[in-house]
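For reference, the structure discussed in these notes is given below.
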Amino acid sequence: MDEGDNITRRRALLAGGGTLLFGGGVAYAASRSGSNEQAYVPSNFHASEETTGFGVELAGRPIAGEPDAPVDVYYWTDYLCPFCKEFETETLPDIGTDYVEPGDVRLVFLAYPNIGEYSLPAAVWSRCVWDQVVDSDPAAYWHWHESAFDAQSDSGGDWADEETFTGITEQTANVERSSVDDCRENRGDAVQESIDVDLETGRSAGLQGTPGFVLYNREADVAGKMVGAHPYENFANAIEQIRNA
Amino acid sequence: MSGGADTDGRTDTDGRTDTDGRTDGRRWIRDVGDAVAYPLTSNGRLLVAAIATAVTYAVLVLSSFPQFSLQLLANDPADLPYAVATLTREAYLTTGWLGLALLTAYALLTGVAVTNAVTLVRRARRRSASTVVGVVPGLLAAGCASCGAGVLGTLGFVGAMAALPFDGNLLRVGGILLLLFFLGRAGDPRTCAIE
């Protein structure tokens, strides 16, 4: 056996070090938390009863931005989806500041419950909260929405249940729990039907998971699809492309 | 007398079974140890193991959300580190430390298995074509074990792993056991007699 076939101390150390480095790298990537601490609250929300040129029904869906913004961003989300939280904390504040606030983009929140058992009930909570605050204080919806994503467990455990969402609803200013409960109990079926419509629209657009996006130029009737928590630059490029289409 | 002989026989048989069982277990563990140490026997093999580990990890993680991975990499292949890092975080948030540890162990063992399989195939090719056929089931087992965790994602069911028992960790443990079985069966590929 030549020297090259022996287990040398150097190689053993190299392999051990490499394995530790690999494990450490994975642990680092897993544990890094969002660095984007900027708080963003859309300054303008509105409701609409229309169905857009792309075929998205807007009735009952939260919409941020100006009603006449040239580009629609349809955002399919799930409160149980960690990847959606990544988008909400890392990228959405920049998109909001650079495109929603100046009136270039309006953001439509659509439901795509797909991660866990409580995904659908969480989507119903969200719609009922929006329904309750849309006329009085639409920004309250945003605070509720943020709190729901904040509540996501950092350890991958089960966190989403009736108790958690009741707590979030009670703690969000200007959201009246009794009205939300009334909506869930008495109009829950209708809300679920509208969520099914969102799901079907998303699937027709070719989305297989969350977060999913369709960017739509309302005047030119041109659309583009994006899937997952892309870096901000990718969103900015895609918005520019669709706007100039 | 005959009763005594019978008793002796049973005792002997039991004794041998126990000893053989322990010996088999010990031999298997020793073979796994030899197999895992094999990539350390040359710089080239160590490099092959490292590359196979990295590629396996990347493929496993990226295939947990293939639509996103393909779109991101088609847009700019330089985004590969971003995709792997983001989906690693996603894997941790979905399955916790245990799931991530199993995924890492999976990738490391696949790296070793690929290195050993390359040697096995080379040796088998030198002997005869029929020996190559003997190696193939082991390779397939290792291959399937490696793809197991990602295959559901590839099919487009992003939430499928979460819906499986223990968030899919059972599937990962199964894959790791399959890999260990393959490694223990082959042992050090230089001394291995393919059974």
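Here is the naming used below: chain letters follow the sequence lines, and residue numbers restart at 1 for every chain.
Between the side chain of Gln67(B) and the main chain of Val227(A), no donor-acceptor pair closer than 3.5 Å is present.
Using a 4.5 Å cut-off between heavy atoms, Ala105(B) makes no contact with chain A at all. Interface residue Leu207(A): only backbone heavy atoms are found under 4.5 Å from chain B. Neither the backbone nor the side chain of Tyr28(A) comes within contact range of chain B, judged by heavy atoms closer than 4.5 Å. Both the backbone and the side chain of Ala37(B) come within contact range of chain A, each with at least one heavy atom under 4.5 Å from a heavy atom of that chain. Proximity to chain A (any heavy atom under 4.5 Å) is shown, for Leu72(B), by both the backbone and the side chain.
Counting heavy atoms of neighbouring residues, nucleotides and ligands inside a 6.0 Å radius, atom CG of Asp189(A) does not exceed 12 of them. In the displayed structure, Glu240(A) atom CD is contacted under 6.0 Å by more than 12 heavy atoms of other residues, nucleotides or ligands.
Residue with the most contacts toward chain B among Ala30(A), Gly25(A), Ala229(A): Ala30(A) (heavy-atom pairs, distance under 4.5 Å). Per-residue heavy-atom pair counts under 4.5 Å with chain B were compared for Glu86(A), Glu117(A), Met226(A), and the maximum is reached by Met226(A).
The shortest distance between side-chain heavy atoms of Ser31(A) and Trp97(B) falls below 4.5 Å.
In this structure, Arg11(A) CZ and Arg45(B) CZ are separated by 8.5 Å, a value rounded to the nearest 0.5 Å. We find the CG-CG distance between Leu47(B) and Leu14(A) to be 10.0 Å, quoted to the nearest 0.5 Å. The structure places CG of Leu40(B) at 10.0 Å from CG of Leu13(A), a figure rounded to the nearest 0.5 Å.
Classification of the Phe83(A)-Phe65(B) ring pair by plane angle, with boundaries at 30° and 60°, yields tilted.
Residues of residues 73-84 of chain B having a heavy atom under 4.5 Å from any heavy atom of chain A, listed by number: Asn75(B), Asp79(B), Tyr82(B).
The shortest non-hydrogen separation linking Val26(A) to Thr88(B) is O-CG2, 3.6 Å.
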